[in-house]
Amino acid sequence: MQNQIQAAARRLAECRKLVVLTGAGVSKESGIPTFREAQEGLWAQYDPMEMATQEGYLRNPPLVWRWYEYRFGMVEAAQPNPGHRAIADLEQILPQVTVVTQNIDGLHQVAGSTDVVELHGSIRRFKCLSERHTGFTRADFADQAEIPPHCPRCGDLLRPEVVWFGENLPMDALSRAFDLAETCDAMLVVGTSGAVQPAASLPFLARRAGAVVIDVNTERDEIACVSHIFLQGPGGEVLPALVAVLRVASRGDLG
Ligand code: BV8
C-alpha cells in the first residue's frame, strides 16, 4: 500500500486543479452510517429508495421526517474525522482544491474545506414542498410541535433541502461539478459505491478528459475500474497517510 500511496502522491504533487469527489464512506468514521447502512436497525424494514423520494414523503410524511430527524441527530453529534481533515489540509498544499460531495452532512465544511459543492443538498436546510421558500434552518420552525412542521411563510409542508431519487440536482451545483470533472487534472474519489447517477459519472468524465483518477474505498467499487490508482482502506487512515507523503512530494523531496 505504501508504494501505491507514494505513486498517488507523486501524481497529485503535479496537480494544479484537484477535485475530491466524496460519498457516504468518508463520513463513516465520524459515526454516520453509509446511505444504505442507514437502513439498519429500526429502519431496516424501509427501502431508502422509498424514503428518499417525494412520493415516499407524501405517502407518509411523519415517517420520512422522523428518518431524517434520526439521521440529523447523528450529524449533529458527529465531528469531522481524520479523512475530512486531510481533505481540508490539501488546500494548504495544492493550488486549487474543490470538494464535490454526495453527502448531506456538511462535515467537509466543518473540517475546514472552503470550496464544497453539495450535489445532493443538505440535511441542515429545509424548504417547503412547493419550493417557493428555501434555506430554512431548524430554528425557523422550533416553535412548531406538529410533525412534519409547515413553512413559516406559506404554510406548505416543509421537507429537507436534499435531492431525492427522481429529482434533478441543483443546476448550479451539477453544472459546476461537470465543468470541474472535465477540466481538473486529478480527481480523488473517496467513499462512494458509484451507484448513484449523475454523481457516479464524474470520475468517468474526468478520466476521459485526461485527469488522473485515484479511488479510496474500503472495498472495490464501481469507480475502481476507471481509476489509475486504487487505495484500499478507510479514508480516515489512507487520506492522512497520502497527505503526509504529498507534503514531502510537493517539496520535491521524494526523489
Ligand atoms: C436524477 C440525498 C434526473 C438524500 C441521495 C429511475 C427513476 C428516477 C431516477 C432514476 C431511475 N433510475 C436511475 C435513476 C437515477 C437515480 C439513480 O442513480 N438511481 C440509482 C440508485 C440507480 N438518480 C437520481 O434519481 C438523481 N436524480 O437522476 O435526476 C432524473 C429526474 C427524473 C427521472 C429520472 C432522472 C438523484 C440522486 C440523488 C439521490 N439522493 N442522497 C439522502 O441522503 O437522504 S443519494 C444517496 O446515495 C446519498 O447521497 C449517498 O451519498 C449516495 C450515494 O451513495 P454513496 O455515497 O456511494 O454511499 P453508499 O452507501 O452507496 O456507499 C458507501 C461507500 O463507502 C461504499 O462503497 C463503501 O465501501 C465505502 N466505505 C465505507 N466505509 C468507508 C468507505 N470508504 C472509505 N472509508 C470508509 N471508512
Side-chain angles (χ1 to χ4, degrees), residues 1 20-40 43 46-57 63-75 78 80-87 99-108 116-127 159-171 173-175 177-178 188-204 214-225 227 230-242:
M1 168 68 100
V20 185
L21 173 67
T22 65
V26 80
S27 295
K28 179 79 179 292
E29 291 148 274
S30 295
I32 298 178
T34 60
F35 184 69
R36 284 148 192 82
E37 285 168 348
Q39 298 313 110
E40 284 170 359
W43 303 101
Y46 302 104
D47 172 4
M49 304 306 191
E50 282 304 299
M51 301 275 266
T53 63
Q54 173 128 309
E55 298 72 20
Y57 185 52
L63 175 77
V64 176
W65 184 270
R66 287 198 175 90
W67 184 49
Y68 278 90
E69 285 292 280
Y70 156 68
R71 293 171 66 201
F72 183 82
M74 290 188 287
V75 166
N81 64 60
H84 292 110
R85 287 198 292 275
I87 290 169
V99 177
V100 176
T101 188
Q102 300 170 82
N103 299 340
I104 61 174
D105 57 33
L107 288 180
H108 285 300
V116 181
V117 178
E118 293 179 317
L119 290 177
H120 297 158
S122 169
I123 201 167
R124 301 168 189 264
R125 294 193 302 271
F126 301 83
K127 61 184 179 182
R159 54 163 282 184
E161 201 162 313
V162 301
V163 180
W164 280 333
F165 288 101
E167 294 184 330
N168 289 314
L169 278 62
M171 195 41 68
L174 186 57
S175 50
F178 279 137
L188 177 61
V189 185
V190 186
T192 183
S193 59
V196 173
Q197 294 297 347
S201 62
L202 296 171
F204 294 84
I214 299 163
D215 187 31
V216 178
N217 198 316
T218 44
E219 59 196 40
R220 289 197 80 79
D221 53 38
E222 299 282 324
I223 310 296
C225 63
S227 61
F230 174 57
L231 303 174
Q232 183 155 8
E237 291 172 23
V238 171
L239 294 171
L242 176 61

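Just so you know, ligand 1 is whichever comes first in the structure, and atom 1 is the first atom listed for that ligand.
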So CD of E118 and NE2 of H108: to nearest 0.5 Å the spacing works out to 9.5 Å
Separation between CG (L63) and OH (Y57), nearest 0.5 Å, reads 11.0 Å
With sequence neighbours left out, the residues meeting ring pair (Phe, Tyr, Trp, His ring centres under 6.0 Å) with F126 are W65, F141
Sorted by chain and number, sequence neighbours left out, side-chain contact (heavy atoms from CB on, under 4.5 Å) with N217 holds for D215, E219, D221, F230
Those residues at least two apart in sequence (or on a different chain) that pass side-chain contact (heavy atoms from CB on, under 4.5 Å) with A78 are S30, I32, L107
Report task. Could you walk me through whether I104 and R71 pass the side-chain contact (heavy atoms from CB on, under 4.5 Å) test, one step at a time? Result -> CA-CA 10 Å; I104 61 174; R71 293 171 66 201; 3.7 Å; yes
Counting only non-hydrogen atoms and a 4.0 Å cut-off, the residues near ligand 1 are G23, A24, G25, K28, E29, T34, F35, R36, M49, Y68, R71, Q102, N103, I104, H120, V163, W164, F165, G166, E167, N168, L169, G191, T192, S193, A195, V196, Q197, N217, T218, E219, P234, G235
